[in-house]
Participant: 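Can you keep this structure in mind? I'll have questions shortly.
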Amino acid sequence: MAAALTAKGEFVVEFDHSSTRPARDGAKSDSLDAVRTAREILGRTTWPTLLDEPGVGVLIAAEILVSWSHPSRCRDEAAFARLGGVAPLEATSGQTQTRHRLSRGGDRQLNRALHTVILARAKHHQPTKDYLARRTTEGKTKRESMRCLKRYYTRNLFRLLEAAPMTP
């Protein structure tokens with residue numbers, strides 16, 4: 001089967017399930033290294049611009065691509081935000097002050113991936129730090145600022161996914 005898939009131009013990763021332990025003590029096994037290498041190659045060839053985003057690694061990119069699936073799955077960025085569970089919902093009960101919370105619905109794995117990216121960017125990406133600082137000076141709490149950042153990042157991610165052509 002591997003030969004047939006390779007002939008069609010598909011990526012194939014074969015495992016050697018031998019009972020021997022890795023030669024290096026405390027190191028990752030060679031089969032795990034092979035999977036990581038194959039996943040990296042697949043990510044770089046399928047969607048290279050996604051892995052160039054700060055805070056997006058191979059696993060996060062894979063989760064985003066699995067949830068996004070294909071161009072035009074979501075009609076617009078609001079639908080993608082709802083899919084990721086980051087669309088704002090009103091959290092007030094008729095008061096004059098309008099507050100929002102994140103939707104609990106949607107794809108939970110995509111939401112987790114977005115949350116992981118936001119945490120990494122908030123710690124290491126200077127424009128994201130500036131955005132959070134600006135939101136807190138506007139009077140928002142850290143939780144509200146992170147909600148706004150998730151929505152903002154989801155909007156940019158949708159534009160990135162829709163604009164870049166997917167290569168097989």
Side-chain angles (χ1 to χ4, degrees), residues 9-11 13 32-33 35-168:
E10 299 288 332
F11 289 102
V13 177
L32 188 57
D33 289 340
V35 169
R36 288 188 176 145
T37 303
R39 197 170 27 208
E40 177 77 23
I41 290 169
L42 183 61
R44 288 277 172 211
T45 57
T46 305
W47 217 273
T49 56
L50 186 58
L51 289 175
D52 293 337
E53 284 286 304
V56 177
V58 178
L59 292 176
I60 298 296
E63 184 57 50
I64 291 170
L65 289 175
V66 165
S67 297
W68 181 71
S69 180
H70 61 279
S72 72
R73 175 181 181 191
C74 298
R75 66 184 177 279
D76 57 4
E77 53 90 16
F80 184 65
R82 183 157 310 253
L83 175 69
V86 296
L89 297 174
E90 286 199 21
T92 56
S93 58
Q95 300 169 348
T96 57
Q97 183 181 14
T98 304
R99 308 213 28 102
H100 293 89
R101 66 174 177 82
L102 288 179
S103 168
R104 299 280 184 228
D107 186 348
R108 301 313 303 160
Q109 286 78 24
L110 177 59
N111 187 281
R112 180 177 172 271
L114 293 171
H115 184 74
T116 304
V117 171
I118 292 305
L119 290 179
R121 288 174 71 108
K123 191 174 270 193
H124 303 290
H125 189 239
Q126 191 57 45
T128 304
K129 290 178 185 178
D130 297 340
Y131 180 89
L132 288 173
R134 189 183 80 217
R135 285 296 185 170
T136 53
T137 58
E138 291 174 357
K140 297 207 180 284
T141 63
K142 183 177 179 181
R143 187 175 191 173
E144 289 172 330
S145 299
M146 293 297 272
R147 178 192 60 77
C148 292
L149 181 60
K150 265 189 184 181
R151 182 67 169 95
Y152 176 78
Y153 180 70
T154 303
R155 186 177 303 120
N156 290 336
L157 185 62
F158 176 78
R159 291 176 185 155
L160 174 78
L161 291 171
E162 285 289 319
M166 189 165 90
T167 57

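Keep in mind that what you see is a predicted model, and the values were worked out from it rather than measured. Just the heavy atoms: all of them, side chains too, but no hydrogens, waters or symmetry mates, feed the values below.
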Participant: Does a sphere of radius 6.0 Å around NZ in K142 hold more than 12 heavy atoms from other residues, nucleotides or ligands, not counting ones at 6.0 Å or beyond?
Facilitator: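 No.
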Participant: Between A78 and R151, what is the shortest heavy-atom contact and its length?
Facilitator: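 Closest pair (atom of A78, atom of R151, distance): CA-NH2, 3.8 Å.
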Participant: Tell me whether R112 at atom CZ has more than 12 heavy atoms from other residues, nucleotides or ligands lying less than 6.0 Å away.
Facilitator: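 Incorrect, the count does not exceed 12.
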Participant: Measuring only between side-chain heavy atoms, which start at C-beta, is V86 closer than 4.5 Å to H115?
Facilitator: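 Of all side-chain heavy-atom pairs linking H115 with V86, none is under 4.5 Å.
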Participant: For the CG atom of L161 and the CD1 atom of I64, what is their distance to the nearest 0.5 Å?
Facilitator: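 Between L161 CG and I64 CD1, I get 7.0 Å after rounding to 0.5 Å.
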Participant: Where do L51 and A61 come nearest, in terms of heavy atoms and distance?
Facilitator: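 For L51 and A61, the tightest heavy-atom pair comes out as CD2-CB, 3.5 Å.
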Participant: Could you tell me if the side chain of L50 sits less than 4.5 Å from the side chain of L157, heavy atoms only?
Facilitator: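 Side chain of L157 against side chain of L50, heavy atoms only: contact under 4.5 Å found.
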Participant: Do T128 and I118 have side-chain heavy atoms sitting under 4.5 Å apart?
Facilitator: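 In short, these two side chains do not touch, never coming nearer than 4.5 Å.
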Participant: Roughly how far apart are K129 NZ and R121 CZ, rounded to 0.5 Å?
Facilitator: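 The CZ atom of R121 is 12.5 Å from NZ of K129, to the nearest 0.5 Å.
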Participant: Quick one: sort the Y152 and Y131 rings into parallel, tilted or perpendicular, breaks at 30° and 60°.
Facilitator: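 Rings of Y152 and Y131: parallel, under 30°.
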Participant: For the atom pair SG (C74) and CZ (R82), what is the distance rounded to the nearest 0.5 Å?
Facilitator: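 Reported value, rounded in 0.5 Å steps: 11.5 Å.
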Participant: Keeping D107 on the side-chain end and S67 on the backbone end, is there a donor-acceptor pair under 3.5 Å?
Facilitator: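 Pair absent, no side-chain N/O of D107 close to backbone of S67.
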Participant: What closest approach, in Å, do S145 and R135 show between heavy atoms, and which atom pair accounts for it?
Facilitator: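 Scanning both residues, the minimum pair turns out to be OG-CB, 3.4 Å.
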Participant: Would you sort out whether F80 and R159 count as a side-chain contact (heavy atoms from CB on, under 4.5 Å), showing the intermediate values?
Facilitator: CA-CA 10 Å; F80 184 65; R159 291 176 185 155; over 6 Å; no
Participant: Taking the basic N atoms (NZ, or NE/NH1/NH2) and the acidic carboxylate oxygens, is any pair closer than 4.0 Å for E144 and R147?
Facilitator: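 No.
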Participant: State which residues pass salt bridge (charged side-chain N to carboxylate O under 4.0 Å, His left out) with R155; sequence neighbours excluded, sorted by chain then number.
Facilitator: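 Here the qualifying residues are E77.
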Participant: Can you confirm whether N156 sits close enough to E53 that some side-chain heavy atom of one is under 4.5 Å from a side-chain heavy atom of the other?
Facilitator: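 Side-chain contact under 4.5 Å: no.
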Participant: Testing the basics here: between L132 and A122, what is the closest heavy-atom pair and its distance to 0.1 Å?
Facilitator: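 Looks like CD1-CB, 3.6 Å.
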Participant: Passes side-chain contact (heavy atoms from CB on, under 4.5 Å), R134 versus E138? Steps please.
Facilitator: CA-CA 6 Å; R134 189 183 80 217; E138 291 174 357; 3.7 Å; yes
Participant: Of all the heavy-atom pairs spanning R73 and V66, show the shortest one and how long it is.
Facilitator: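 So the two residues come closest at NH1-O, 4.4 Å.
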Participant: Show the nearest heavy-atom pair for residues A113 and E63, with the distance to one decimal.
Facilitator: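 Taking A113 first and E63 second, the nearest heavy atoms are CB-CG, 4.0 Å.
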Participant: Nearest 0.5 Å, what's the CG-CG distance between L119 and L114?
Facilitator: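 L119 atom CG to L114 atom CG measures 11.0 Å (nearest 0.5 Å).
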